[in-house]
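Quick notes on the structure that follows.
Just so we're clear, the structure is a prediction, and the values are computed from it rather than from any experiment.
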Amino acid sequence: MSRLLHRDTVPPVPAAELTARSADGSRIHVELHGPEDAPAVVLAHGWTCNTRFWGAQIRDLAADHRVIAYDQRGHGLTPEPGPGGYSTNALADDLEAVLAATLAPGRRAVLAGHSMGGMTVMAAAARPGLREHAAAVLLCSTGSTRLAAEARVLPLRAGALRTRITTAVLGAKAPLGPVNPVSRKILKYATMGAGSAPDRVDACARIVHACPRRARVEWGHVLAELDLAAGVRELRVPTAVIAGTDDRLTPPVHARAIAAALPVGLGLTELAGMGHMTPVEAPEAVTAKIRELVTRYVATGAAAERKAATAEKEDVA
């Protein structure tokens, strides 16, 4: 195992932590990394993951960005919600709550969402909180609709049978069991490219297997019925899309459809040989895209705000 890869899989220590309160009272665990007054980035992880999934991005970006990462409800340190607490509306509520709790009124950030995190951004596209705080968006390895129909995890011909079985798998109640060579091999086949480094496969397996069973099952049902096509059309901020060419969970057909429908699309980057876990499989590419968006849409504005604040202090003095 190389020292670099090992470093990427070690969870960074947050500068601070807080709890955001969602619309239904749910408590959302939030981590804050990096300088408070630096350009801001908000990271939303995917199904069965947690903030540790973004470890490589946090470690790199926190040197000169305010990085805000949170656990989706039922994942990581965010408790499972009560009855009726699993829906795309709840995801949008949670994101709005995180933005309100971490960003001052009018402060804008780059929002990056992986898989269900990208769906979260699409679900919140028309929300006032997102429109106030989102300067630009990065959607990684995600889809807006027909997830079960397009998934290629099962080696079957596309059609009604594969869709039915995939839907059943998404909502399966069977425990994932311990992380071992067999479970790592299964997870790698389903979610990662064939060339993925063993330590990155292991890191993803430990994150996914730590997800509580109820959250995995309940969100699996939501994903099976997902339809956020309208949310894509409402996402009226500059938005870039990244996808792995070998993604079996959300194949590139989803990314291409999203990129074509975005009102302010910045294009699609297809990462050759990568699977569904692009922020872990290709951390340099994902981090570079986030930095590019910050430089183009946030950093200039943040510098101007700091200059204005300094001038105001000098005038008062």
Notebook entry, point to check: How close do A62 and P35 get, heavy atom to heavy atom, and via which atoms?
Noted result: O-CD, 3.3 Å

Item checked: Check: E96 side chain, G129 main-chain N or O, donor-acceptor pair, under 3.5 Å -> yes

Next item on the list: May I ask you to test the V153-L249 pair for a side-chain heavy-atom distance under 4.5 Å?
Entry: yes

Next item on the list: For residues M192 and C204, determine if any side-chain heavy atom of one lies less than 4.5 Å from a side-chain heavy atom of the other.
Entry: yes

Notebook entry, point to check: Does the T295 side chain pair with the main chain of L293, one donor and one acceptor, at a distance under 3.5 Å?
Noted result: no

Margin query: What I want to check is whether the side chains of S26 and D24 have a donor and an acceptor closer together than 3.5 Å.
Written below: yes

Margin query: Checking the side chain of R21 only, and the main-chain atoms of G25 only, is there a donor and an acceptor separated by less than 3.5 Å?
Written below: yes

Next item on the list: Indicate, with yes or no, if I242 and V137 share a hydrophobic cluster defined by side-chain heavy-atom contacts under 4.5 Å among Ile, Leu, Val, Met, Phe, Trp and Tyr.
Entry: no

Next item on the list: Identify the two heavy atoms, one from P263 and one from R233, that lie closest to each other, and give their separation to 0.1 Å.
Entry: CG-O, 3.1 Å

Item checked: CA sep, side-chain torsions, deciding dist, call: R291, L61, side-chain contact (heavy atoms from CB on, under 4.5 Å) -> CA-CA 8 Å; R291 282 188 170 276; L61 294 169; 3.5 Å; yes

Notebook entry, point to check: According to the interplanar angle, ranging from 0 to 90°, do the rings of H114 and H276 count as parallel (below 30°), tilted (30 to 60°) or perpendicular (above 60°)?
Noted result: tilted

Note to self: Please say yes or no: joined through hydrophobic side-chain contacts below 4.5 Å, possibly via intermediate residues, are F53 and V98 part of one cluster?
What the structure shows: no

Next item on the list: Starting at CD1 of I68, measure out to CH2 of W54 and round the result to the nearest 0.5 Å.
Entry: 13.5 Å

Checklist line | Side-chain heavy-atom pair E281, M274 within 4.5 angstrom cut-off | finding: yes

Note to self: Under a 3.5 Å distance rule, please check whether R184 uses its side chain to pair with a backbone N or O of V201 as donor and acceptor.
What the structure shows: no

Note to self: Using side-chain heavy atoms (C-beta onward) and a distance below 4.5 Å, is Q57 in contact with I290?
What the structure shows: yes

Next item on the list: State whether a side-chain donor-acceptor pair under 3.5 Å links D94 with S22.
Entry: yes

Check: Any chance CD of E225 has more than 12 other-residue heavy atoms, nucleotides or ligands included, within less than 6.0 Å?
Finding: no

Item checked: Shared hydrophobic cluster, L170 / I207 (ILVMFWY, side-chain heavy atoms < 4.5 Å) -> no

Next item on the list: I would like to know whether R236 and L262 meet side-chain contact (heavy atoms from CB on, under 4.5 Å); could you show each step before the answer?
Entry: CA-CA 8 Å; R236 303 183 184 280; L262 286 167; over 6 Å; no

Margin query: Can you tell me how far apart CH2 (W219) and CE (M116) are? Round to the nearest 0.5 Å.
Written below: 5.0 Å

Note to self: Can you give me the closest heavy-atom contact between P238 and A135, atom names plus distance?
What the structure shows: CD-O, 3.4 Å

Next item on the list: Kindly indicate whether the side chain of L235, heavy atoms from C-beta on, has any atom under 4.5 Å from the side chain of L130.
Entry: yes

Checklist line | Side chain proximity check, L266 to Y297, heavy atoms < 4.5 angstrom | finding: yes

Check: Can you tell me if T191 uses its side chain to pair, donor with acceptor, with the backbone of K188 under 3.5 Å?
Finding: no

Next item on the list: Decide if atom CZ of R27 counts as having more than 12 heavy atoms of other residues, nucleotides or ligands within a radius under 6.0 Å.
Entry: no

Note to self: Tell me whether L223 shares a hydrophobic cluster with V208, the cluster being built from Ile, Leu, Val, Met, Phe, Trp, Tyr side chains joined at under 4.5 Å.
What the structure shows: no

Next item on the list: Please say whether the positively charged group of R73, taken as NZ for Lys or CZ for Arg, lies over the ring of Y86, i.e. under 6.0 angstrom from the six-membered ring centre and within 45 degrees of the axis.
Entry: no

Check: So do the side chains of I258 and L268 get within less than 4.5 Å of each other, counting heavy atoms only?
Finding: no

Notebook entry, point to check: For L18 and T102, what are the C-alpha separation, side-chain angles and deciding distance, and is it a side-chain contact (heavy atoms from CB on, under 4.5 Å)?
Noted result: CA-CA 9 Å; L18 60 84; T102 58; 4.1 Å; yes

Check: What are the two closest heavy atoms between G55 and P12, and how far apart are they?
Finding: CA-CD, 3.8 Å

Notebook entry, point to check: Where the side chain of R162 meets the backbone of A148, is there a donor-acceptor pair that is under 3.5 Å apart?
Noted result: no

Check: Can you tell me if S141 and T250 form a side-chain donor-acceptor pair at under 3.5 Å?
Finding: no

Item checked: Separation between CG of D202 and OG of S183, rounded to the nearest 0.5 Å -> 9.0 Å

Notebook entry, point to check: CZ of R131 to CZ of R127: how many Å apart, nearest 0.5 Å?
Noted result: 11.5 Å

Margin query: Ignoring hydrogens, what is the shortest heavy-atom contact between R216 and P175? Give both atom names and the distance.
Written below: NH2-CA, 3.8 Å

Next item on the list: Could you tell me the separation between the CG atom of L226 and the NE2 atom of H221, rounded to the nearest 0.5 Å?
Entry: 14.5 Å

Check: L111 and L103: same hydrophobic cluster, using ILVMFWY side-chain contacts below 4.5 Å?
Finding: yes

Next item on the list: Indicate yes or no for a side-chain donor-acceptor contact from R213 to the backbone of A174 under 3.5 Å, with no hydrogens or angles considered.
Entry: no

Item checked: No-hydrogen, no-angle side-chain donor-acceptor test under 3.5 Å, T245 and E270 -> no

Next item on the list: Could you grab the distance from atom CG of L271 to atom CG of D246, nearest 0.5 Å is fine?
Entry: 10.5 Å

Item checked: T142 and L139: CA distance, side-chain angles, deciding distance, side-chain contact (heavy atoms from CB on, under 4.5 Å) verdict -> CA-CA 7 Å; T142 192; L139 301 176; 3.9 Å; yes

Check: Does the side chain of C49 come within less than 4.5 Å of H75's, by heavy atoms?
Finding: no

Next item on the list: For T78 and Q72, test the side chains for any donor-to-acceptor distance below 3.5 angstrom and give the result as yes or no.
Entry: no

Checklist line | Shortest non-hydrogen contact from V286 toward T278 | finding: CG2-O, 3.8 Å

Checklist line | Side chain R66, main chain G34, donor-acceptor under 3.5 Å | finding: yes

Item checked: D71 backbone acceptor or donor facing N50 side chain under 3.5 Å -> no

